[in-house]
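Counting begins at 1 with the first residue of the sequence.
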Amino acid sequence: MENRYHILHVDDDIYIRKIIQHTFSAEFDLSSCTNGIEAMAWLEKGNLPDIILTDLRMPHLDGQELISLIRAGSLYRHVPIIVLSSMEDSALKISCIEQGADDFIVKPFNPLEVKAKIKALLRRTNDRQNLRSNFDSTRLSPLR
(Lines give C-alpha, C1' and ligand atoms only; values in the text may rest on other atoms or scores of the structure.)
Protein backbone atom coordinates (compact mmCIF):
# COMPACT_ATOMS: atom_id res chain seq x y z
CA MET A 1 0.00 0.00 0.00
CA GLU A 2 1.28 3.46 -0.88
CA ASN A 3 2.22 5.89 1.88
CA ARG A 4 -0.11 8.89 1.58
CA TYR A 5 0.41 12.30 3.10
CA HIS A 6 -1.93 13.25 5.93
CA ILE A 7 -3.60 16.67 6.01
CA LEU A 8 -5.19 18.15 9.13
CA HIS A 9 -7.87 20.62 7.99
CA VAL A 10 -9.24 23.02 10.61
CA ASP A 11 -12.28 25.09 9.62
CA ASP A 12 -15.72 25.66 11.15
CA ASP A 13 -17.35 26.10 7.72
CA ILE A 14 -18.90 22.79 6.61
CA TYR A 15 -18.98 23.95 2.97
CA ILE A 16 -15.20 24.58 2.92
CA ARG A 17 -14.57 21.24 4.67
CA LYS A 18 -16.60 19.45 1.99
CA ILE A 19 -14.70 21.21 -0.82
CA ILE A 20 -11.37 20.19 0.73
CA GLN A 21 -12.62 16.63 1.33
CA HIS A 22 -13.82 16.30 -2.28
CA THR A 23 -10.65 17.79 -3.78
CA PHE A 24 -8.05 16.03 -1.63
CA SER A 25 -9.46 12.65 -0.54
CA ALA A 26 -8.25 10.79 -3.64
CA GLU A 27 -4.60 11.70 -3.02
CA PHE A 28 -4.34 12.47 0.70
CA ASP A 29 -5.54 11.14 4.02
CA LEU A 30 -7.59 13.89 5.60
CA SER A 31 -8.68 14.67 9.15
CA SER A 32 -11.03 17.58 9.84
CA CYS A 33 -11.62 19.64 12.96
CA THR A 34 -14.04 22.54 13.43
CA ASN A 35 -11.83 24.72 15.65
CA GLY A 36 -8.41 25.03 17.22
CA ILE A 37 -9.37 23.23 20.44
CA GLU A 38 -10.47 20.15 18.47
CA ALA A 39 -7.27 20.35 16.41
CA MET A 40 -5.04 20.52 19.50
CA ALA A 41 -6.94 17.60 21.08
CA TRP A 42 -6.43 15.60 17.86
CA LEU A 43 -2.71 16.40 17.88
CA GLU A 44 -2.37 15.59 21.59
CA LYS A 45 -3.76 12.10 20.93
CA GLY A 46 -0.48 11.40 19.14
CA ASN A 47 -1.58 12.15 15.59
CA LEU A 48 1.06 13.70 13.34
CA PRO A 49 -0.10 15.32 10.11
CA ASP A 50 2.24 16.11 7.24
CA ILE A 51 0.62 19.52 6.77
CA ILE A 52 -2.04 21.65 8.46
CA LEU A 53 -4.62 23.80 6.66
CA THR A 54 -6.37 26.23 9.00
CA ASP A 55 -8.94 28.97 8.85
CA LEU A 56 -8.45 32.01 11.10
CA ARG A 57 -11.97 32.87 12.25
CA MET A 58 -13.20 29.96 14.33
CA PRO A 59 -14.94 29.69 17.70
CA HIS A 60 -13.14 28.80 20.92
CA LEU A 61 -9.54 28.87 19.59
CA ASP A 62 -8.90 30.74 16.36
CA GLY A 63 -6.33 30.00 13.68
CA GLN A 64 -3.72 32.47 14.90
CA GLU A 65 -3.86 31.03 18.41
CA LEU A 66 -3.59 27.54 16.91
CA ILE A 67 -0.50 28.54 14.92
CA SER A 68 1.09 30.01 18.05
CA LEU A 69 0.41 26.86 20.10
CA ILE A 70 1.77 24.57 17.38
CA ARG A 71 4.92 26.62 16.88
CA ALA A 72 5.52 26.94 20.65
CA GLY A 73 5.79 23.17 21.12
CA SER A 74 8.68 21.03 20.02
CA LEU A 75 6.77 18.10 18.52
CA TYR A 76 4.76 19.88 15.81
CA ARG A 77 6.80 23.01 15.19
CA HIS A 78 8.15 21.73 11.86
CA VAL A 79 4.77 20.71 10.40
CA PRO A 80 3.97 23.10 7.52
CA ILE A 81 0.90 25.31 8.03
CA ILE A 82 -1.18 26.98 5.33
CA VAL A 83 -3.81 29.54 6.29
CA LEU A 84 -7.06 29.61 4.29
CA SER A 85 -8.95 32.76 5.26
CA SER A 86 -11.47 35.25 3.95
CA MET A 87 -9.56 38.06 5.66
CA GLU A 88 -7.38 39.90 3.15
CA ASP A 89 -5.63 42.43 5.38
CA SER A 90 -1.94 42.60 4.49
CA ALA A 91 -0.89 43.20 8.10
CA LEU A 92 -2.77 40.05 9.15
CA LYS A 93 -1.08 38.01 6.42
CA ILE A 94 2.32 39.26 7.57
CA SER A 95 1.46 38.53 11.19
CA CYS A 96 0.45 34.94 10.38
CA ILE A 97 3.63 34.34 8.39
CA GLU A 98 5.73 35.81 11.21
CA GLN A 99 3.90 33.57 13.72
CA GLY A 100 4.90 30.52 11.71
CA ALA A 101 2.44 29.99 8.86
CA ASP A 102 4.16 28.89 5.66
CA ASP A 103 1.57 30.34 3.29
CA PHE A 104 -1.64 32.39 3.33
CA ILE A 105 -4.38 31.81 0.76
CA VAL A 106 -7.41 34.08 0.57
CA LYS A 107 -10.94 32.66 0.28
CA PRO A 108 -12.56 32.13 -2.10
CA PHE A 109 -9.79 29.95 -3.45
CA ASN A 110 -9.22 27.53 -6.29
CA PRO A 111 -8.93 24.09 -4.61
CA LEU A 112 -6.56 22.90 -7.33
CA GLU A 113 -4.23 25.83 -6.61
CA VAL A 114 -4.30 24.91 -2.92
CA LYS A 115 -3.47 21.31 -3.84
CA ALA A 116 -0.55 22.46 -6.00
CA LYS A 117 0.80 24.61 -3.15
CA ILE A 118 0.48 21.73 -0.69
CA LYS A 119 2.35 19.39 -3.02
CA ALA A 120 5.12 21.97 -3.54
CA LEU A 121 5.46 22.60 0.20
CA LEU A 122 5.55 18.88 0.98
CA ARG A 123 8.12 18.33 -1.79
CA ARG A 124 10.39 21.03 -0.33
CA THR A 125 9.91 19.65 3.18
CA ASN A 126 10.85 16.15 2.01
CA ASP A 127 13.81 17.43 0.00
CA ARG A 128 15.09 19.26 3.09
CA GLN A 129 14.67 16.13 5.26
CA ASN A 130 16.44 13.98 2.66
CA LEU A 131 19.27 16.50 2.41
CA ARG A 132 19.72 16.51 6.18
CA SER A 133 19.69 12.72 6.46
CA ASN A 134 22.22 12.36 3.61
CA PHE A 135 24.33 15.36 4.60
CA ASP A 136 28.04 14.71 5.09
CA SER A 137 29.74 17.84 6.38
CA THR A 138 33.18 16.31 5.86
CA ARG A 139 32.66 16.40 2.11
CA LEU A 140 32.11 20.17 2.20
CA SER A 141 35.32 21.02 3.99
CA PRO A 142 37.81 22.85 1.73
CA LEU A 143 40.64 21.34 3.76
CA ARG A 144 39.90 17.76 2.73
* Asked: Tell me, do Ile118 and Ile82 make a side-chain contact under 4.5 Å, heavy atoms counted?
  -> yes
**Message:** According to a hydrophobic-cluster definition based on side-chain heavy atoms being under 4.5 Å apart (Ile, Leu, Val, Met, Phe, Trp, Tyr only), do Leu61 and Val83 belong together?
**Reply:** yes
Starting from Leu92, can I reach Ile70 by hopping between I/L/V/M/F/W/Y residues whose side chains sit under 4.5 Å apart? yes
Are any non-hydrogen side-chain atoms of Leu84 and Ile20 less than 4.5 angstrom apart?
yes
One should read off an interatomic distance between Arg71 CZ and His78 NE2, to the nearest 0.5 angstrom, of 8.5 Å
Do Glu88 and Lys93 sit within salt-bridge range, that is, some charged N less than 4.0 Å from a carboxylate O?
no
- request: Dump the intermediate steps for side-chain contact (heavy atoms from CB on, under 4.5 Å) on Ile51 and Leu122, then the final yes or no.
  value: CA-CA 8 Å; Ile51 194 162; Leu122 289 170; 4.2 Å; yes
### Message
Applying side-chain contact (heavy atoms from CB on, under 4.5 Å) to Lys117 and Leu121, what does each step give before you reach the verdict?
### Response
CA-CA 6 Å; Lys117 288 186 175 206; Leu121 189 54; over 6 Å; no
| message | Regarding Arg17 and Asp11, does a basic nitrogen lie under 4.0 Å from an acidic carboxylate oxygen? | response | no
*Val10 and Glu38: side-chain contact (heavy atoms from CB on, under 4.5 Å), yes or no, with the steps?*
CA-CA 8 Å; Val10 189; Glu38 283 183 21; over 6 Å; no
Residues His9 and Ser31: side-chain donor-acceptor under 3.5 angstrom:
no
Practice item. Answer yes when Asp50 and Arg4 have at least one side-chain N-carboxylate O distance shorter than 4.0 Å, and no when they do not. Key: no
Test log, rule salt bridge (charged side-chain N to carboxylate O under 4.0 Å, His left out), inputs Arg77 and Asp102: CA-CA 12 Å; Arg77 106 172 68 199; Asp102 295 282; over 6 Å; no
Practice task
Could you walk me through whether Asp29 and Ile7 pass the side-chain contact (heavy atoms from CB on, under 4.5 Å) test, one step at a time?
Solution key: CA-CA 6 Å; Asp29 291 329; Ile7 298 171; over 6 Å; no
Would you say that Leu66 contacts Asp62 through its side chain, given a criterion of any heavy-atom pair below 4.5 Å between the two side chains?
no
If hydrophobic clusters are built by linking Ile, Leu, Val, Met, Phe, Trp and Tyr wherever their side-chain heavy atoms come under 4.5 Å apart, do Phe109 and Leu53 end up in the same one? yes
- Message: With heavy-atom distances below 4.5 Å as the criterion, would you say the side chains of Arg57 and Asp12 are in contact?
- Response: no
Open item on the list: If hydrophobic clusters are built from ILVMFWY residues whose side chains come within less than 4.5 Å, do Ile81 and Phe104 share one?
Closed with: yes
**Side-chain (Tyr76) to main-chain (Leu48) donor-acceptor, under 3.5 angstrom** = no
Is the backbone N or O of Thr23 less than 3.5 Å from a side-chain atom of Lys115, with the two atoms forming a donor-acceptor pair by type? yes
Tightest non-hydrogen contact, residues Pro80 and Thr125, listed as CG-OG1, 3.7 Å
Item to check | Co-membership, hydrophobic cluster, residues Leu56 and Val79, 4.5 Å side-chain | outcome: yes
| message | Can a donor-acceptor pair be found, under 3.5 Å and without considering hydrogens, that links the side chain of Ser25 to the backbone of Gln21? | response | yes
Is the number of heavy atoms from other residues, nucleotides or ligands under 6.0 Å of Lys107 NZ greater than 12?
-> yes
When rounded to the nearest 0.5 Å, the distance separating CG of Leu8 from CG of Leu30 is 8.5 Å
Exercise for the section: For the residue pair Pro49 and Tyr5, establish whether any side-chain heavy-atom pair is separated by less than 4.5 Å. Expected result: no
d(Lys45 NZ, Met40 CE) to nearest 0.5 Å is 13.0 Å
